[in-house]
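Presented below is the structure to which this report refers.
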Amino acid sequence: MISKRMFIWSAVTCHRFRPLRLVAAVGGGRKQRLKAATGRRTPNRFFVSVVLICSTAIVASAQLRRPVSNDPPDPAVEQRLAKLSQELRCLVCQNETLADSRADLAEDLRDEIRTQIRAGKSDQEIIAFLTQRYGDFILYRPPVRPKTYLLWFGPFVLLLAGLALLFRYVKRRRDMIEEQPLSNADRAQVEKLLSSASRKETA
Amino acid sequence: MTRYLIPLVIFGVLVVFLAIGLGRDPHEVPSPLINKPAPSFKLAQLKDPSKSFSAEEMRGRVWLLNVWASWCISCRDEHPLLIEYARTGAVPIYGLNYKDRPEDALAWLQQLGDPYVLSVSDLDCRLGIDYGVYGAPETYLIDQQGVIRFKQIGPVTPDIWTKNILPLVQEMNRQGGSR
């Protein structure tokens, strides 16, 4: 049953990925060979070119967004910005980092960080600047302070408590086991059964 | 007996925590600016860009700073209420036009009415960052000493106006008068 289900699943995924492989393989006679090998109709060139055009359009639109300042992007600054903004939360789409988010606010904050990096501020100073305005919530790594002790150490406390409980439980179970010596009647029965079994084997 | 009681207690605690968590709006991030001095600013006025307005001018008075924009749908929702509250004269409302085109903002005020004593334009969103704005509308209540005493994220509702803002304004006016 499981193997059958796995087969169906792999068939589905292969089907999904097939057009991608074809995009790479498109061109002349190879298409024919591929068609024969896979035994199914390949998407036509029109479809493939539409896919390609769309994907270039996405790349192009991503490149259209440029920083507000007109200075050419400085790779060192951009690298620091990328690293820093991975650690910061976008307050509009709260499960995205500032680096990932396309919200307007995230863009403004990235610009702000960029200017501050250019002005020679350290990472700590920039983070302090942002937490003063948006609170600790903007940090993906909350600072360790009495208010966050439960958050930081709670899981370890739970783990230790769980281990202690488990240990106690196992120990109690072990203590509960009593030795039950065999009576003479039991022994006789065992002998009888064993000898009958060995006789069958030899027979 | 305790054998059954312990899981029940744990379950109860869990339910309480989850119930509290469900009742809270994750988009309402507590502002670190509460009870801190309002960031100072000096910006051009929306209706007359040649004039400027700065937060220092409001020293000694209780005032509301309402962050709004013509592109903001909830602001449109909030607007009639602000007009009504401005009419009562309980507290002067100043507008911060956030990331907006002045012509759009002016058209918006003309169409829907203007509850603000005046609005300033925050074109490059510098002030928005200083005030920790992450979604319009936001409203700050600032006291005589220039300290932010209350922040409403999202539109002001009649409930918040009567339960949070008005009592605080009255309290601040009483304190400010005796000082």
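Note that the structure is predicted; figures quoted are calculated from it, not measured. In what follows, chains are A, B, ... by sequence order, proteins preceding strands, each numbered from 1.
- Counting heavy atoms of neighbouring residues, nucleotides and ligands inside a 6.0 Å radius, atom CD of A:Gln189 does not exceed 12 of them.
- Of the two parts of B:Lys99, only the side chain, counted from C-beta on, holds a non-hydrogen atom closer than 4.5 Å to a non-hydrogen atom of chain A.
- Shown here for A:Gly135 and B:Pro32, the closest heavy-atom pair between the two residues is N-CG, 3.2 Å.
- Residue B:Glu103 qualifies as enclosed at atom CD: its count of foreign heavy atoms under 6.0 Å is above 12.
- Within a 6.0 Å sphere centred on CD of A:Gln79, other residues, nucleotides and ligands contribute 12 heavy atoms or fewer.
- Of all the heavy atoms in A:Asp108 and B:Ile129, the pair that sits closest is O-CD1, 4.1 Å.
- Within a 6.0 Å sphere centred on CG of A:Leu160, heavy atoms belonging to other residues, nucleotides or ligands number more than 12.
- Within a 6.0 Å radius of CG in A:Leu150, no more than 12 heavy atoms belonging to other residues, nucleotides or ligands are found.
- Rounding to the nearest 0.5 Å gives a distance of 5.0 Å between CG of A:Leu105 and OH of B:Tyr98.
- Between B:Leu33 atom CG and A:Arg133 atom CZ the span is 8.0 Å, to the nearest 0.5 Å.
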